Structures are given as C-alpha cells and as structure tokens.
Amino acid sequence: AICNPPVARVASSLRGAITSEVAVDLRKQGYAVVDNVFGSEVATRFRLEILAMYQTNLMTLNATHFVKEGSLQLLEKERIWEMDPQSNPAWPEIQSTAPSFSALSYDDHLTRALDANLRGMRFTSQALKLQLNEGRGGSFPLHFDSDRELDGRQVTAIVYLNDGWTAEAGGQLRLYPFPEPP
C-alpha cells in the first residue's frame, strides 16, 4: 500500500518552487528549470503511484489534441500513457490508487505562487495530467503544448520522476521558441 505524503510537505515544495528568479526566467526565456521540487521521498511515492495506475489499466494511450480546419483532431502516440485525474470516470479508484497525486490535483499552491510572482498574468485554474513513457522509442513529436482554440493554458510544469536517468538513456526535453518568442 502507498501512503499519502504529508500534504504540508508537498505544499511547501510547491510554494518554494516559483521564486522571483524563476519568474524572471519564465518571462525572459519562456521557460525555467527547477530541480528536485518534491525531494526523493515524495518523488518515489509519485513514481510508485503512476506505475500502480499503469499496471491497473487506469491510464490510456496519449493523444495530442489539435484543431485543423475547425475540427478537433487526435494524434495517438505509441508507448506513451496518460491519465487526466479529474476528467477520468474512474476517479474514485484513482484516488485510492494514487492518493498523493489526488491530493496534488486539489492543491493550489503552484497557481498561487505563479500569480504572486508573474504579475500581469492571471492564473485561475490548474489541471494535472500524468504520463508514463514505456521507452523503446516512445516519444513526443515536435508539438505546441497548448492551442488557444482548445484551452487557456499559460504555463506547463513538467516533473520528471525517472530514477537514475542519464543522458545516454535519451528522452531529453527540447524547447523551441516557436511560433513566437517568449
């Protein structure tokens, strides 16, 4: 059984993640890197919960959503699984399988920290999505992380939970300042 980490510890991690320096990087470069936000204990719990959801078929094959000629299109990716907790009909089972992520999905510390440090932007909501990449060639093609016709997303936070990852394993994140500079 997976025990829920103290909510205060997760909240404290998120509260301290968005500093004025991170905000400057976000505005200037369009991205910022914050290492080890949750610490190894909480990261291990999150990793175990993702694996438990994957092994119990609570995740679905990932598909990128985009609008083409006014119509919503989906592009499925091989070996990449995802779970959007609150829009999933199995939410009660997800809450018991992944209590840490369930608590995180309701935590608004990240949204409040962004609001406090990125003046002029208004963060009114957040969404949590979990993904698991099986490896063996599973990857994301070059893509936009948001489409103004689909959602109002302004910031994406990516948390990698790979234990013992090395550059030789591949899977690096590449960011491109496209279609417009930050």
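The structure presented is a predicted model; accordingly, all values stated were derived computationally and were not measured. All values below come from the heavy atoms of this structure, side chains included, with hydrogens, waters and symmetry mates left out.
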What's the shortest heavy-atom distance between [X] and [Y], and which atoms?
X: Met83; Y: Ile94; value: SD-CD1, 3.4 Å
X: Met59; Y: Ile50; value: SD-O, 3.9 Å
X: Ala43; Y: Leu161; value: CB-CD2, 3.7 Å

Would you please name every residue forming a side-chain contact (heavy atoms from CB on, under 4.5 Å) with Asp25, sequence neighbours left out?
Gln29, Ala32
Atom [atom1] in [X], atom [atom2] in [Y]: separation rounded to 0.5 Å?
X: Leu128; Y: Ser102; atom1: CG; atom2: OG; answer: 9.0 Å
X: His109; Y: Ile18; atom1: NE2; atom2: CD1; answer: 13.0 Å
X: Lys68; Y: Gln73; atom1: NZ; atom2: CD; answer: 6.5 Å
X: Leu58; Y: Leu130; atom1: CG; atom2: CG; answer: 10.5 Å
X: Gln131; Y: Asp84; atom1: CD; atom2: CG; answer: 10.0 Å
X: Ile80; Y: Thr60; atom1: CD1; atom2: OG1; answer: 12.0 Å

Does any non-hydrogen side-chain atom of [Y] lie less than 4.5 Å from one of [X]?
X: Leu104; Y: Phe38; result: yes
X: Phe123; Y: Leu118; result: yes
X: Thr44; Y: Asp163; result: no
X: Met121; Y: Leu114; result: no
X: Met53; Y: Leu132; result: no

Under 3.5 Å donor-acceptor, Asn117 side chain and Ala23 backbone
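Answer holds: no.
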Taking Glu49 for the side chain and Phe101 for the main chain, is one N or O donor matched with an acceptor at less than 3.5 Å?
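The answer is yes, because a donor-acceptor pair under 3.5 Å joins these two groups.
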Who pairs with Glu78 by side-chain hydrogen bond (donor to acceptor under 3.5 Å, both in side chains), at least two apart in sequence or on another chain?
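Glu78 satisfies side-chain hydrogen bond (donor to acceptor under 3.5 Å, both in side chains) with no other residue.
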Single-linkage hydrophobic cluster, 4.5 Å side-chain cutoff, Leu61 and Leu74 together
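No.
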Leu26, Val24: one ILVMFWY side-chain cluster at the under-4.5 Å cut-off?
no
Under the side chain to side chain donor-acceptor pair (under 3.5 Å) test against Asn62, which residue among Arg79, Lys129, Lys77, Glu76 passes?
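Answer after filtering Arg79, Lys129, Lys77, Glu76: Lys77.
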